[in-house]
Every structure is written in structure tokens, then in C-alpha cells.
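For reference, the structure discussed in these notes is given below.
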Amino acid sequence: MRRIAVLNQKGGVGKTTTTVNLAAALAAEGHKTLVLDLDPQAHATLHLGLMPGRSGPSLYEVLTQNVPLADVRREVAPNLYICGSHIDLAGAELELIGTVGREVILRDQLNNDPESFDYVLMDCPPSLSILTLNALCAAYEVFIPLQAHFLALHGLSKLLETVNMVARRINRELTVGGVVLCLYDSGTRLGGEVIDDLNRYFDAQRNGPSPWSGTKLFQTRIRRNIRLAECPSFGQSIFQYAPASRGAEDYASLAAEVQGREPAAIWRGASDSPAAPEEVVATPVG
């Protein structure tokens, strides 16, 4: 089982979009995949067609009332399952303040779950809260969705510090598996400079002691695409809503890379094909 926390403390960078559509791509290839929506905004829950509060218990009950994951899990497509979120999760930190071992509740629940999954993807909130800490303690890998902007690099350093702290003190198996460039515009000089900076930084860390010594900057870039912004309002992944779109093409390519295969042909040669003009409009949820 691969447990992956999709994490960035900055909002609007494509965390939820990446979590849901990467999970959908893996499920479509036959891998049994579970999404854990740890964000009180419940965007991943909505994205996969469930209504928070109307689809049974949520991860709030898992974390605060010891409800098993099996009682929360819902199958939303073949091989694709989700444990949904609810706005009540926002109060979980205060409710758990006196609980011993509150940061490892989710890890223990996953370890005790009799159901076996090939992939578990955790959609984390845009903050370094007890919910995020639970994800980092339960995960084996961290995927970081990132925009190719200067300020994103500054935020990345703070995020790596947090991952390093959790890896040293609580979860020694935790590593940074990869960085996913989202909302990507291939024609900008800034984007190329940020990619160069990221490659230089991670190359310098190779074989070092840090949790990101083996981090991969995925070749696949998730281009700006209006279809990715539209599909959550229909409660569908990009593969259900617009399977022939550039968004579906990019996430299928990312899923291939996550499994250790070559990315799609358009990315293998780093030929950053620009999105069609009518698709360079909207911002994914996340």
C-alpha cells in the first residue's frame, strides 16, 4: 500500500484537483484507491459526488469518536473509494486538544482497517493543523502540488521544514515523493526559471539525510484547463466529465509517472505544449 499525503499550506494550488484526479486515474487502471478528505471545506467530497453531512458519517467521526474507516468509506466509481469530510472537522483540533496521541489517530485507523488498498491519497487542508499532522503521521510519501511562481518556492522551504520535523520525531518512514507543477503556463520565462531552481535544489540534495533526498520533480505538468475547473460542480472526476480534455491527458500522464512508467509523449521530450486559448481560464479547486 502506498499512502500519499497531498500537501501544500498555500490554498488554490491544485491540491484537491490533483488528489481526486490522480486517484481516479489510478482507479481506472485497476488499482484499488482510497481518498481521505481531511479538509473541512470538503472539496474532494463534493468533487466525487457526495454531499457533506448527507452521505453518512465523515472523517470527523473517525478522528473524534473512533468510528472505523469502514463505516465512513463510500465507493464512488469502480476501484475508487472516499472517506468524506465535513465542516465539523474544523473543530477537531479543539476537541482533541487533551487526547493523548492525537497526531496518530488516522495512522492507527488505517493500520486497523481490514480493507486493503493499493493507494491511499490524503487531501490535506491549506494549513499546518492537527489534521495535516495526522496525514503526515499516516503517510509514507508527500506529494506537493506547486505553482511555478517565486513565492511558491519560499513556501516550499517552510513545508519541507515541517515534513523534516515529523520525519525526525514521529514518522521515520516519511519522504517527499514528488513535486507536481499545477496551473502550468508553458510559455512564461518565470515558469522555466522556477523549474530550473527546483531541479538544482533537489539535485543538490540527492543521497543526503533529508526526507526529500529522493524527491522527483514530475515531468508531467498540469496545464491550466477550464475542464478541470468545471468537473467538480458536476461531482465528477475529469475522466468522467471530459475524458478527451488536456486535463485528463495530464493526470493520466501523472498517474503513469507515479507508477514508475514513462509520462505521456508530450512530456517525455519536455515539449511543454501550451493549452488551447479557450482552456486557459479557470483555476482548479484545491
Side-chain angles (χ1 to χ4, degrees), residues 2-20 22 35-41 43-44 85 89-90 93 102-104 106-107 120-184 190-191 193-206 208-218 220-222 254 257-258 283-286:
R2 288 180 67 177
R3 298 183 189 171
I4 302 167
V6 183
L7 175 63
N8 194 319
Q9 72 270 35
K10 186 179 184 302
V13 296
K15 288 190 305 298
T16 299
T17 301
T18 295
T19 303
V20 168
L22 175 58
V35 173
L36 300 179
D37 188 358
L38 287 159
D39 190 341
Q41 298 176 95
H43 286 168
S85 182
L89 263 178
E93 185 146 17
R102 61 182 183 150
E103 68 278 357
V104 295
L106 184 61
R107 183 194 69 186
V120 176
L121 276 71
M122 299 169 236
D123 186 30
C124 299
S127 62
L128 299 176
S129 63
I130 189 62
L131 301 173
T132 300
L133 188 56
N134 261 270
L136 291 175
C137 291
Y140 302 136
E141 305 170 64
V142 176
F143 284 0
I144 302 174
L146 198 70
Q147 283 184 265
H149 294 168
F150 169 75
L151 290 178
L153 293 179
H154 182 266
L156 177 64
S157 65
K158 300 296 182 184
L159 183 54
L160 293 177
E161 288 175 15
T162 301
V163 172
N164 191 42
M165 179 188 70
V166 173
R168 283 190 292 109
R169 298 183 180 180
I170 307 173
N171 182 5
R172 296 190 178 275
E173 296 182 80
L174 186 65
T175 62
V176 180
V179 173
V180 185
L181 288 174
C182 297
L183 300 166
Y184 185 66
L190 176 60
E193 291 174 348
V194 169
I195 290 170
D196 290 342
D197 287 343
L198 286 168
N199 280 321
R200 277 195 297 270
Y201 177 76
F202 287 120
D203 285 346
Q205 303 296 313
R206 296 282 178 249
S210 69
W212 52 89
S213 60
T215 297
K216 178 178 183 178
L217 179 60
F218 289 109
T220 302
R221 325 291 191 213
I222 309 302
L254 178 62
E257 279 199 83
V258 168
T283 300
V285 175

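All values derive from a computational prediction rather than experimental measurement.
Legend: residues meeting side chain to side chain contact (heavy atoms under 4.5 Å, CB included) with S213, ordered by chain and number and at least two apart, are S210. The ring pair (Phe, Tyr, Trp, His ring centres under 6.0 Å) check on F218 picks up F143, with sequence neighbours excluded. With sequence neighbours excluded, the residues satisfying side chain to side chain donor-acceptor pair (under 3.5 Å) with D197 are R200. Not counting sequence neighbours, R102 has no partner by the side chain to side chain donor-acceptor pair (under 3.5 Å) test. Residues that satisfy the salt bridge (charged side-chain N to carboxylate O under 4.0 Å, His left out) test with D203, not counting sequence neighbours, are R206. For E93, there are no salt bridge (charged side-chain N to carboxylate O under 4.0 Å, His left out) partners, not counting sequence neighbours. Taking the side chain to side chain contact (heavy atoms under 4.5 Å, CB included) definition, one finds that Q41 meets it with D39, H43, P126, sequence neighbours left out. Partners of Y201 according to the side chain to side chain donor-acceptor pair (under 3.5 Å) rule, which considers only residues two or more places apart in sequence or in another chain, are W212. For K216, the salt bridge (charged side-chain N to carboxylate O under 4.0 Å, His left out) criterion is met by E257, not counting sequence neighbours.
Within the structure, every pair that satisfies the salt bridge (charged side-chain N to carboxylate O under 4.0 Å, His left out) test and touches residues 132-147, not counting sequence neighbours, is listed here: R2-E141. Listed by first and then second residue, the ring-ring contact (aromatic ring centres under 6.0 Å, His included) pairs that reach into residues 160-179 come to none, sequence neighbours excluded. For residues 162-174, there are no salt bridge (charged side-chain N to carboxylate O under 4.0 Å, His left out) pairs, not counting sequence neighbours.
With contacts defined as side-chain heavy-atom distances shorter than 4.5 Å, the pair I4/T19 does not qualify. P145 places none of its side-chain heavy atoms less than 4.5 Å from the side chain of T17. Between N171 and L136, every side-chain heavy-atom pair lies at or beyond the 4.5 Å cut-off. Using a 4.5 Å heavy-atom threshold, the side chains of L7 and K15 count as separate. You'll find the side chain of L38 stays beyond 4.5 Å of the side chain of S85, heavy atoms only. The shortest side-chain heavy-atom distance between C137 and L106 does not fall under the 4.5 Å cut-off. A heavy-atom distance below 4.5 Å is not found between the side chains of V194 and H149.
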T132 and T162: side chain to side chain contact (heavy atoms under 4.5 Å, CB included), yes or no, with the steps? CA-CA 10 Å; T132 300; T162 301; 6.0 Å; no
Run the side chain to side chain contact (heavy atoms under 4.5 Å, CB included) check on L160 and I144 step by step: do they pass? CA-CA 10 Å; L160 293 177; I144 302 174; 4.2 Å; yes
Going through the distances and angles, do N134 and R107 end up as a side chain to side chain contact (heavy atoms under 4.5 Å, CB included)? CA-CA 7 Å; N134 261 270; R107 183 194 69 186; over 6 Å; no
When you look at V180 and L22, which way does the side chain to side chain contact (heavy atoms under 4.5 Å, CB included) test go after all the steps? CA-CA 11 Å; V180 185; L22 175 58; over 6 Å; no
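Between G178 and T215, the shortest heavy-atom contact is CA-CG2, 4.0 Å. Between Q147 and L181 the shortest heavy-atom distance is C-CD2, 4.5 Å.
A distance of 7.5 Å separates CG of D196 from CD of E193, quoted to the nearest 0.5 Å. Between atom CG of residue N8 and atom CG of residue L128 there is a gap of 9.5 Å, rounded to the nearest 0.5 Å. With values rounded to the nearest 0.5 angstrom, L183 atom CG is found 14.0 Å from R221 atom CZ. The structure places CG of L146 at 12.5 Å from CD1 of I222, a figure rounded to the nearest 0.5 Å. Interatomic distance, CG of L174 versus CE of M165, reported as 11.0 Å (0.5 Å rounding).
Looking only at distances, no side-chain donor or acceptor of T16 sits under 3.5 Å from a matching main-chain atom of A44.
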